[in-house]
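What follows is a short report on a single structure.
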Amino acid sequence: MLNTKEVIIVEDRFTQQLKKGILEMLVLQLICEKPTYGYELLSRLKEQSQNRFVLKEGTLYPILYRLEDDGMISAQWQQGTGRVAPKKIYEATENGRQENVRRKRIWEEFSETVTGFLTGGDTK
Amino acid sequence: MTDAEKRMKKYTNGVERRLNLPASVKQRVMSDFISSIQARREAGMTDEEILTELGTPAKAAEELNEQMQEFTYRKSPWRFLFAVGAVYGAVKLISYLVHKILFLFLADPVLRVGEAASIGIIGGADGPTAIFLTTPDWARVVVPVLLVAVGFLGYRRLSRCRRKQ
């Protein structure tokens with residue numbers, strides 16, 4: 001099995017740059033799907049990416065705060081039942097949902113264009 | 001508080017202490033960090049596993065500090081100039097008030113005349129002091145008060161956190 005720790009260490013600048021914007025898009029998408037909290041986001045990113053997007057809390061927080069400051073998501077404290085401590089839960093705002101749709105469109109255009117370039121290069 | 005809770009509290013306090021971030025950001029980070037620990041517990045992880053995953057307080061804090069770079073703030077070094085101004089104004093004001101109060105209790109008119117005369121003589125002897133000593137009474141209150149006000153506000157303004165873009 002792939003050791004995720006090593007993958008993080010060998011990650012170069014190019015991959016990091018690429019990931020940066022994409023992660024923000026994915027986090028917004030995940031929050032749009034359903035209200036969620038930090039740890040759940042990390043687990044979902046990890047599972048759905050087959051261990052390719054393994055983040056630490058520290059990497060996630062700036063993304064969440066940027067989204068929150070831009071009014072795309074909002075944080076609430078969710079009271080647990082019984083002795084369970086309250087947790088901070090994030091949910092998408094109306095603005096966030098619209099922005100998410102816009103971002104998806106941009107991504108589709110982007111990936112189509114980029115793929116066009118890359119496959120074009122291959123056939124030469 | 002149970003022992004496990006105490007241990008976790010000690011851990012999160014350790015992380016918080018090492019965060020080199022403005023208070024508001026610190027609070028924000030810690031609220032999420034603590035939520036994260038809670039979520040891990042609910043997901044069935046033991047405290048042991050959680051602590052191993054998050055790393056030592058020093059390591060966890062270092063990562064957070066590093067990643068939260070864009071949310072750190074810069075305080076202008078010029079703020080010290082304002083601080084010094086405010087302190088100077090405060091000292092002047094207090095010394096003036098102390099003088100006034102002492103005079104109220106101690107001085108009779110004769111002493112006051114004597115004091116005024118000696119001020120005149122000493123003041124006359126060296127220039128800039130004379131200007132200060134012969135300035136009107138109101139100015140000796142207003143100027144230090146202004147100094148304190150401007151100094152304090154300036155200091156506050158310059159140490160206000162601004163997000164680096």
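Chain identifiers are assigned alphabetically (A, B, ...) following the order of the sequence lines, protein sequences preceding nucleic acid strands; residue numbering begins at 1 within each chain. As a basis for the values below, the full set of heavy atoms in this structure was taken, side chains included, without hydrogen atoms, waters or symmetry mates.
Follow the hydrophobic side-chain contacts under 4.5 Å out from B/V98 and you never reach B/V141; the two are in separate clusters. Linking Ile, Leu, Val, Met, Phe, Trp and Tyr residues whenever their side-chain heavy atoms come within less than 4.5 Å places A/L18 and A/F53 in a single cluster.
If you measure heavy-atom distances from B/A43 to chain A, the contacts under 4.5 Å come from the side chain alone. Of the atoms belonging to B/L54, it is side-chain heavy atoms, and not backbone ones, that fall under 4.5 Å from chain A.
Remark: B/R28 CZ to A/K88 NZ distance equals 6.5 Å, nearest 0.5 Å. From B/Q67, atom CD reaches atom OH of A/Y61 across 12.0 Å, with rounding to the nearest 0.5 Å.
At most 12 heavy atoms of other shown residues, nucleotides or ligands fall within 6.0 angstrom of atom CH2 in B/W78. Within 6.0 Å of atom CZ in B/F152, 12 or fewer heavy atoms from other residues, nucleotides or ligands are found, so the atom counts as exposed in its surroundings. Heavy atoms of other residues, nucleotides or ligands lying less than 6.0 angstrom from CD of B/Q27 number 12 at most. B/N20 CG: 12 or fewer foreign heavy atoms inside a 6.0 Å radius.
Checking B/Q38, B/M45, B/E42 one by one against A/Y39, the side chain to side chain contact (heavy atoms under 4.5 Å, CB included) holds for a single residue, B/M45.
The minimum heavy-atom distance linking B/S35 with A/P86 is given by the pair OG-O, 4.4 Å. Considering all non-hydrogen atoms of both residues, B/V29 and A/Y65 come closest at CA-OH, 3.3 Å.
Ion pairing between A/E57 and B/R40 holds under the 4.0 Å rule for side-chain N and carboxylate O.
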